[in-house]
Peer 1: 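First the structure, then my questions, so here it is.
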2 protein chains.
Amino acid sequence: MSTQIRFSLNEGLHLKDPQDSKLGRNIIQHSILLIDEFGFESFTFKKLAERIGSTEASIYRYFENKHLLLIFLVNWYWEWVSYLIKINTMNVSDARVKLKTIIHSFVFASKENPGIEYVNESKLHNIVISEGVKAYLTKDVDEENSKGFFSSYKNLANTVSNVISEINPQFKYPYALATNLFEMSNNHIYFAKHLPRLTDISVNGNNVDEVETMLNYFAEKLLF
Amino acid sequence: MSTQIRFSLNEGLHLKDPQDSKLGRNIIQHSILLIDEFGFESFTFKKLAERIGSTEASIYRYFENKHLLLIFLVNWYWEWVSYLIKINTMNVSDARVKLKTIIHSFVFASKENPGIEYVNESKLHNIVISEGVKAYLTKDVDEENSKGFFSSYKNLANTVSNVISEINPQFKYPYALATNLFEMSNNHIYFAKHLPRLTDISVNGNNVDEVETMLNYFAEKLLF
DNA sequence: TTTATATAATAGTATTACTATCATTTTAAA
DNA sequence: TTTAAAATGATAGTAATACTATTATATAAA
């Protein structure tokens with residue numbers, strides 16, 4: 001028994017908290033591996049059930065459908081990033097340094113020492129990059145938003161926008177810049193890997209140094 | 001017979017060019033309306049066939065599947081935006097003014113006098129906003145990219161990045177800024193409508209003035 | 001030890017995403 | 001104008017998906 005980090009995610013995302021049981025943790029662990037491997041569209045509860053030696057019916061007792069599972073995973077990821085940002089900026093007082101630390105934290109989130117044995121943070125990061133926006137780009141967005149399904153991301157955006165406003169109280173777009181830093185990070189890692197003509201940076205292996213440099217440059221130019 | 005604009009899109013996107021026949025144009029017209037109405041996930045060829053009084057089999061003679069139809073529509077949109085940018089910047093020599101004109105062109109693309117009677121540009125814009133990224137966020141991206149399925153967007157990004165480099169030849173991220181302006185425009189229109197806590201701007205009705213102002217501010221701060 | 005709870009095993013349904021075949025209509029060429 | 005070719009429609013069928021329902025069995029809590 002190791003001391004496990006536990007995130008409290010919105011109750012409505014699951015019928016039963018998967019963090020509480022072996023099967024639940026198996027679902028999380030292997031859904032990350034399978035979505036990363038096959039992509040979200042080709043991922044099915046049937047494949048997942050086969051992989052973990054369980055049944056579709058059992059998985060449906062945890063998640064209503066694969067879309068809610070995706071939202072769950074994405075929320076989990078943003079909670080993890082929020083957690084990293086919190087501990088990394090804890091002793092930082094200068095707002096400019098704080099923003100740099102924030103950028104570093106989320107660009108390199110998957111390299112931080114993993115705290116949860118059943119979550120492969122690096123593959124979860126890949127999922128957030130390739131599938132993350134599908135969590136909210138649906139016809140159900142308003143209904144799901146009203147249930148608080150995107151609050152992890154919104155809270156994080158709020159945290160970062162506060163730091164931005166601390167750096168430059170006159171800056172008119174603290175929320176837009178905050179979310180744009182996240183979206184840009186994800187987009188350009190994806191572009192560098194798959195559509196390189198849409199970006200200027202390159203990602204060799206999993207070296208995302210150039211992303212960090214670019215985001216810092218954008219943030220500084222806009223704020224300092 | 002009116003003089004119709006015609007875009008030459010990648011041949012691999014369709015089995016038969018839908019711009020050439022009444023049924024084909026019906027497919028384009030009503031797929032835009034249905035995807036806008038139901039969202040891409042709930043949109044099916046069966047529903048489309050019913051709507052236009054045709055059959056699934058007939059639609060499959062034009063498009064292999066709904067994913068390729070989506071890519072087709074998105075490409076069509078970017079060709080349309082490229083076309084607008086071209087005519088709007090034709091007589092503009094100052095690069096700074098050119099970029100402003102470009103931003104205005106794509107933020108207000110759906111308000112420009114529509115040239116093609118079977119395409120509802122405003123609803124197509126909504127589709128690009130809500131579903132556009134799903135065109136490339138799939139496991140087939142590399143294969144589809146190698147077939148040139150994303151070239152309309154890449155060409156546009158290239159055009160804009162050239163203007164950016166003309167304004168500031170020292171700027172290191174012309175492609176990233178170009179694509180980011182497009183992505184930001186789409187994202188923040190969506191956020192303003194569905195996840196307002198993720199942005200600072202608001203969109204009342206279809207008034208996207210604040211988006212234009214924000215993009216101009218970002219571009220100027222980064223380049224001038 | 002009993003009882004509640006979780007999971008597994010199995011089966012079944014409606015819908016989706018196609019493919020195949022053949023009949024009929026439209027168009028275009030001879 | 002006839003004829004042939006091409007496009008479309010009508011119909012049927014299949015494998016996979018996204019579930020729901022039922023019953024049996026294993027496990028854990030009282």
Side-chain angles (χ1 to χ4, degrees), chain A residues 1 11-31 34-35 37-73 118 131 134-135 138-140 143-144, chain B residues 1 11-31 34-35 37-73 118 131 134-135 138-140 143-144:
Chain A
M1 298 286 138
E11 295 282 323
L13 291 173
H14 46 70
L15 301 167
K16 178 191 288 199
D17 195 326
Q19 297 175 99
D20 284 342
S21 69
K22 191 81 199 49
L23 177 60
R25 290 186 292 268
N26 255 312
I27 290 171
I28 297 178
Q29 177 174 8
H30 288 93
S31 64
L34 282 175
I35 293 172
E37 188 179 340
F38 292 113
F40 184 66
E41 280 74 31
S42 301
F43 164 80
T44 66
F45 279 3
K46 200 180 177 196
K47 282 177 190 161
L48 176 58
E50 273 160 23
R51 182 71 65 105
I52 63 182
S54 181
T55 63
E56 272 183 282
S58 297
I59 295 167
Y60 276 106
R61 285 202 198 86
Y62 284 86
F63 292 99
E64 268 181 68
N65 53 56
K66 70 174 183 172
H67 181 240
L68 289 186
L69 170 56
L70 177 66
I71 301 182
F72 179 91
L73 293 177
Y118 57 93
E131 321 286 355
K134 295 172 190 170
T138 71
K139 277 288 163 185
D140 298 322
E143 200 191 326
E144 292 177 345
Chain B
M1 297 289 134
E11 296 282 324
L13 290 173
H14 46 70
L15 300 167
K16 179 192 288 199
D17 195 327
Q19 296 175 100
D20 284 341
S21 68
K22 191 82 198 51
L23 177 59
R25 290 186 292 269
N26 254 313
I27 290 171
I28 297 179
Q29 177 174 8
H30 289 92
S31 64
L34 281 176
I35 294 173
E37 188 179 338
F38 292 113
F40 184 66
E41 279 75 31
S42 301
F43 164 81
T44 66
F45 279 2
K46 198 179 177 195
K47 282 177 191 161
L48 177 57
E50 273 160 24
R51 182 71 64 104
I52 63 182
S54 180
T55 62
E56 273 184 280
S58 296
I59 295 168
Y60 276 106
R61 288 200 192 91
Y62 283 87
F63 292 100
E64 268 181 68
N65 52 57
K66 70 172 181 173
H67 180 240
L68 289 186
L69 170 57
L70 177 65
I71 301 182
F72 179 91
L73 294 176
Y118 57 93
E131 322 286 356
K134 295 172 189 170
T138 71
K139 277 288 163 185
D140 298 322
E143 200 191 325
E144 293 177 345

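A, B, ... follow the sequence lines: proteins, then strands. Residue 1 opens every chain.
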Peer 1: Ignoring hydrogens and angles, tell me if any N or O in the side chain of B:Lys139 forms a donor-acceptor pair with the backbone of A:Phe40 under 3.5 Å.
Peer 2: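 Judged by distance alone, no pair lies under 3.5 Å.
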
Peer 1: Let me have a per-nucleotide readout for nucleotides 7-18 of chain C, 5' to 3', with B, S or -, counting only protein heavy atoms under 4.0 Å.
Peer 2: BB--------BB

Peer 1: Once side-chain hydrogen bond (donor to acceptor under 3.5 Å, both in side chains) is applied, do any residues pair with A:Thr55, and if so which ones, sequence neighbours excluded?
Peer 2: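 Testing A:Thr55 for side-chain hydrogen bond (donor to acceptor under 3.5 Å, both in side chains), a comparison that skips the adjacent residues, returns A:Ser58.
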
Peer 1: Please report the distance, rounded to the nearest Å, between CD1 in B:Ile59 and C1' in C:dT19.
Peer 2: 15 Å

Peer 1: Using salt bridge (charged side-chain N to carboxylate O under 4.0 Å, His left out) as the criterion, list what pairs up with B:Glu131, not counting sequence neighbours.
Peer 2: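 If we apply the salt bridge (charged side-chain N to carboxylate O under 4.0 Å, His left out) test to B:Glu131, skipping adjacent residues, the hits are B:Lys134.
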
Peer 1: If you round to the nearest 0.5 Å, how far is CZ of A:Phe63 from CG of A:Leu70?
Peer 2: 10.5 Å

Peer 1: List in chain and number order the residues that pass ring pair (Phe, Tyr, Trp, His ring centres under 6.0 Å) with A:His14, two or more places apart in sequence or in another chain; answer none if no residue qualifies.
Peer 2: A:Phe72

Peer 1: Could you state the CG-C1' distance from A:Leu48 to D:dC19, rounded to the nearest angstrom?
Peer 2: 15 Å

Peer 1: Nearest whole angstrom, please: distance from the P of C:dA6 to the CZ of A:Phe63.
Peer 2: 15 Å

Peer 1: Quick one: which residue pairs count as a side chain to side chain donor-acceptor pair (under 3.5 Å) with a foot in residues 42-54 of chain A, not counting sequence neighbours?
Peer 2: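 Every pair satisfying side chain to side chain donor-acceptor pair (under 3.5 Å) with a residue in residues 42-54 of chain A: A:Glu37-A:Arg51.
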
Peer 1: Distance-only, no hydrogens or angles: does the A:Lys16 side chain make a donor-acceptor pair with backbone N or O of A:Arg61 under 3.5 Å?
Peer 2: no

Peer 1: Please state whether the rings of A:Phe43 and A:Phe45 are parallel, tilted or perpendicular, taking 30° and 60° as the class boundaries.
Peer 2: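 The rings of A:Phe43 and A:Phe45 stand perpendicular, inter-plane angle above 60°.
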
Peer 1: In degrees, rounded to 10°, what is the bend between the two ends of the helix from C:dT1-D:dA30 to C:dA30-D:dT1, using five pairs at each?
Peer 2: 20°

